[in-house]
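Right, one structure below, let's go through it.
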2 protein chains.
Amino acid sequence: MEMSERKLQILQAIILNYLETAEPVGSRTISRRFLMDLSSATIRNEMSDLEEMGLIEQPHTSAGRIPSSKGYRLYVDQLMKRDTVDDQQMNILMNLLKNKTVQLDSLLREIGDLLSTMTKYPTVVTMPQIKQSALKHLQLMPLDEHSAILVLVTDGNIVRNHVIPLQHEMKETDLYRISDVLNKELSGLSLSQMDLPLIQKIKRDCHVEPEIMESLLNAISDTLEHAKDGDVFTSGATNILSFPEFSDIARARSLMEFFNQKDQILHMVSTEERPVGTGLKIRIGTENTIEQLHDCSIVTANYRYKDRTIGTISVVGPIRMDYQKVVSALEGLMLDFPDLFGKPTGPDIGSLPDSKAN
Amino acid sequence: MEMSERKLQILQAIILNYLETAEPVGSRTISRRFLMDLSSATIRNEMSDLEEMGLIEQPHTSAGRIPSSKGYRLYVDQLMKRDTVDDQQMNILMNLLKNKTVQLDSLLREIGDLLSTMTKYPTVVTMPQIKQSALKHLQLMPLDEHSAILVLVTDGNIVRNHVIPLQHEMKETDLYRISDVLNKELSGLSLSQMDLPLIQKIKRDCHVEPEIMESLLNAISDTLEHAKDGDVFTSGATNILSFPEFSDIARARSLMEFFNQKDQILHMVSTEERPVGTGLKIRIGTENTIEQLHDCSIVTANYRYKDRTIGTISVVGPIRMDYQKVVSALEGLMLDFPDLFGKPTGPDIGSLPDSKAN
DNA sequence: GTTAGCACTCGAAAGGGAGGAGTGCTAACA
DNA sequence: TGTTAGCACTCCTCCCTTTCGAGTGCTAAC
């Protein structure tokens, strides 16, 4: 079967109309709304071809057509154009954001909120894994007789704190002195590199009563061990309740519950690396490995810190989602935060020459 | 109309059955399941009386009865018994919790999660308002040339941190010295007490170059000023999707969106003080001032720190919610965390003598 | 290659009983 | 006087049928 420019136009029209209405699209609708110089009969013939090619499908005999996963795949790979400029609202919010925060984790939260507000789809951000980021600074602070607070500052200015129990009462100055020693020994290392041998070494080098140091270091290494690795932040999850594909409560619930399963989300986004090129990974419907997401599409961007990929930002929507809007929003973000995403290299698969959809 | 023991039993039976089935309860059901020594006709007569008293109502002529708000009010005030012991699962979780954390905010989060797991209803916790809690300790930490991290530890071991910009480069020792001064001046005060005159005073007393101190203190007071006051933590919100009263998507969505409106939640729980006695505030259906909650009931406990009420923990459910389970769970928590809730004084309204519902 | 016309399909919506759960009322009974 | 059996009545729910219409595929003409 030959692919023609006209077929692509029709496919695009179907995708566009189905995005708006969530109803199967008939030949007459296309003839009237998109390609007025062709009769519905002609379009019917073309649609028949498109169906044979597997790009669209018919829910039942006497219904219109809806795009298939393969059809969407073709669309996002070849047909979809980028919105040239992010809209005003986004720019305003973005500027606010840039001036506001320098802590990576809160920045990511705000970006997630922003994306969700912009696109009206839920967003999911996997937070940097604290265990794998390098320690910038460490500080013990007195709390009361039985405990101190350990504050850890890592790459990206992420701050974590933990209350650690003290076996022996310690003076403030002692805590500060130990902090200094630990800083010298540990800064620059990732939390996962702080293993037992290293701790032993510090124990020897540090001129404090051994048993005090012992218990303190144990507490610290405990803390490091249990540092929650891989949090997930979700924003705008309730948006899915406005899509007719989730008017079935069971389906809506299953997806909502997915958003709460942090380990599953982490596993999902980590299984596949992002492709070269646009820097975005798009998973359409059944391309998702997780069954709960077979009715969804996900657009994912990886973010990095110091050239190492450390997490992902995803937009989740129904399969008919507005890929163009989502991709544009994400690419806009990527341009605005080059430190986080690197400059995207742009689409590596050329759009078709003259495909104008309206 | 006289209230009788038997009428109360019937009311209780209706409430119990409606809790299970979410369907109107007929006279025959009660006769078979709850009061087998009475015929359905007798129960019909009593039900007719109960309806006249406004305690139950009929959705339509040929349907059974459902409890009215007034009926539930009578139930929670007079009929409801407490489950004597929290179940095993809860005890296990609770013990885990007690040994785990000493930071008030994470403790509250865990309690919220626990309550939601136990009851299968969503829980909403309003977090302590950091602005109003007393400062325990304060510490400036170096970050890079242009910024430092201000770590604040308040009552309840709540730790907050903020990156603050530095106009002039500062040595680590300087930061520590300033921390010391600030600590001496500020600890014990609530963040809202740290006003401009106080800051001016510190500026004079502190022997650092004035313009450095100036910018630093400005940054700090800025930080204090903008300290987000009143966060809200929600757990188990998706549970509402399992209740038939929210099978209507629009209704479910409206409630889900309510959970995201932090200011509205804060406003709601702060408008009414808790009553003396059990220490729990129960709002049934239209007793809620917020329209989105007219289909819901909320059970709220206040928690305190150093005898000052600083926040609330609420369980939200459909009007037919299992008040007994929820109240027992909350009261169990209150017994287990006397520091947080004070010992509850127990029900101040006596239960009826012999009302056994099964 | 395009289009008008037409028969055909099939889901969605509307109409119409049948069934049944539940009520209120009455009259009889202990 | 309280309790209960019996009965007529109501009205919701379920299911079946019919109707309607949107959309298709095919054919023949342009």
Side-chain angles (χ1 to χ4, degrees), chain A residues 1-11 13-15 17-18 20-68 71 244-245 247-248, chain B residues 1-11 13-15 17-18 20-68 71 244-245 247-248:
Chain A
M1 181 67 59
E2 279 297 285
M3 179 50 90
S4 71
E5 173 62 17
R6 196 167 70 180
K7 283 193 176 58
L8 290 175
Q9 287 182 327
I10 291 173
L11 174 60
I14 292 171
I15 288 175
N17 206 79
Y18 187 59
E20 275 178 35
T21 62
E23 300 281 333
V25 187
S27 53
R28 215 165 153 246
T29 309
I30 296 178
S31 159
R32 269 182 317 185
R33 279 200 55 192
F34 298 93
L35 296 162
M36 288 173 297
D37 46 347
L38 291 179
S39 79
S40 65
T42 310
I43 288 170
R44 269 203 295 287
N45 289 333
E46 296 284 44
M47 281 166 91
S48 187
D49 293 351
L50 283 170
E51 184 164 18
E52 207 173 309
M53 297 160 81
L55 297 172
I56 56 179
E57 40 195 44
Q58 234 176 339
H60 55 86
T61 327
S62 68
R65 305 304 211 292
I66 62 174
S68 68
E245 28 275 272
S247 62
D248 175 20
Chain B
M1 181 69 60
E2 279 296 285
M3 179 50 90
S4 72
E5 173 61 18
R6 198 169 67 182
K7 281 192 178 59
L8 290 177
Q9 286 182 330
I10 291 173
L11 175 61
I14 291 172
I15 287 175
N17 206 80
Y18 187 58
E20 276 177 34
T21 63
E23 299 283 332
V25 187
S27 54
R28 198 141 179 266
T29 308
I30 296 178
S31 159
R32 271 181 315 184
R33 283 200 52 192
F34 299 93
L35 297 163
M36 288 172 301
D37 47 346
L38 290 179
S39 78
S40 65
T42 311
I43 288 170
R44 269 206 293 287
N45 289 330
E46 296 285 43
M47 281 167 89
S48 185
D49 291 352
L50 284 170
E51 182 164 18
E52 206 174 309
M53 296 160 83
L55 297 172
I56 57 179
E57 40 196 42
Q58 231 176 342
H60 56 85
T61 327
S62 68
R65 306 302 213 292
I66 62 175
S68 68
E245 27 277 271
S247 62
D248 174 20

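Per chain, numbering begins at 1; letters A, B, ... match sequence-line order. All values below were derived from every heavy atom in this structure, side-chain atoms included, with hydrogens, water molecules and symmetry-related copies excluded.
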- prompt: Hey, what do you get for CE (A:M53) to NZ (A:K7), rounding to the nearest 0.5 Å?
  reply: 6.5 Å

- request: Treating a pair as Watson-Crick (purine N1 to pyrimidine N3 plus N6-O4 or O6-N4) or G-U wobble (N1-O2 and O6-N3) with both distances under 3.5 Å, list the stems of 3 or more consecutive pairs that involve DNA chain D.
  value: C:1-30 with D:1-30

- prompt: In chain order, what residues pass the side chain to side chain contact (heavy atoms under 4.5 Å, CB included) check against A:N45, with sequence neighbours excluded?
  reply: none

task: Please list, chain by chain and in numerical order, all residues satisfying side chain to side chain contact (heavy atoms under 4.5 Å, CB included) with B:T29, sequence neighbours excluded.
output: B:N17, B:V25, B:R32, B:R33

Return the value, rounded to whole Å, for the distance between atom [atom1] of [X] and atom [atom2] of [N].
{"X": "B:I30", "N": "C:dG22", "atom1": "CD1", "atom2": "P", "result": "10 Å"}
{"X": "B:D37", "N": "D:dG2", "atom1": "CG", "atom2": "P", "result": "17 Å"}
{"X": "A:K7", "N": "C:dG1", "atom1": "NZ", "atom2": "C1'", "result": "12 Å"}
{"X": "B:N17", "N": "C:dG22", "atom1": "CG", "atom2": "C1'", "result": "14 Å"}
{"X": "A:M36", "N": "C:dT3", "atom1": "CE", "atom2": "P", "result": "14 Å"}
{"X": "A:Y18", "N": "D:dG23", "atom1": "OH", "atom2": "C1'", "result": "16 Å"}
{"X": "A:I43", "N": "D:dG23", "atom1": "CD1", "atom2": "C1'", "result": "13 Å"}
{"X": "A:E46", "N": "C:dT3", "atom1": "CD", "atom2": "P", "result": "11 Å"}

task: Return the set of residues passing side chain to side chain donor-acceptor pair (under 3.5 Å) with B:R6 (not counting sequence neighbours), or none when no residue passes.
output: B:E46

- prompt: Contact class for B:S27 (heavy atom, under 4.0 Å): base, sugar-phosphate, or nothing?
  reply: sugar-phosphate

message: Using only atom types and a distance under 3.5 Å, with no angle test, would you say the side chain of A:S31 pairs donor to acceptor with the backbone of A:M36?
response: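 Between the backbone of A:M36 and the side chain of A:S31 there is no qualifying donor-acceptor contact (under 3.5 Å).
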
query: Taking all atoms of both residues into account, what is the closest heavy-atom pair of A:I15 and A:P67, and its distance?
result: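 Of all heavy-atom pairs spanning A:I15 and A:P67, the closest is CG1-CG, 3.6 Å.
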
message: So which atom in B:P24 and which in B:P59 form the shortest heavy-atom distance, rounded to 0.1 Å?
response: CG-CG, 3.8 Å

task: Sort and list the pairs that fulfil side-chain hydrogen bond (donor to acceptor under 3.5 Å, both in side chains) and have at least one residue in residues 53-67 of chain A, not counting sequence neighbours.
output: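 Non-adjacent pairs meeting side-chain hydrogen bond (donor to acceptor under 3.5 Å, both in side chains): A:E51-A:R65.
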
field: Contact pattern, 5' to 3', of nucleotides 24-30 of chain C - B, S or - by protein heavy atom under 4.0 Å
entry: B------

- request: Record whether the side chain of B:T42 comes under 3.5 Å of the base of D:dT3 through a donor-acceptor pair of N or O atoms.
  value: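 No such pair is found, so the answer is no.
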
field: Base C:dT9 to side chain A:S62, donor-acceptor N/O within 3.5 Å cut-off
entry: yes

- request: Measure from the side-chain heavy atoms of A:T61 and tell me the nearest of C:dT9, C:dG22, C:dT23.
  value: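 Looking only at side-chain atoms, A:T61 lies closest to C:dT9.
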
- request: Evaluate the criterion side chain to side chain contact (heavy atoms under 4.5 Å, CB included) for residue pair A:I10 and A:L8; output intermediate values, then yes/no.
  value: CA-CA 5 Å; A:I10 291 173; A:L8 290 175; over 6 Å; no

query: In terms of the nearest nucleotide of DNA chain D, which residue is placed more toward the 5' end: B:L38 or A:G64?
result: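 Its nucleotide being nearer the 5' end, the pick is B:L38.
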
- prompt: Within the pair B:R6 and D:dT3, is there a side-chain N or O less than 4.0 Å away from OP1 or OP2?
  reply: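 Yes, because at least one side-chain N or O of B:R6 sits under 4.0 Å from OP1 or OP2 of D:dT3.
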
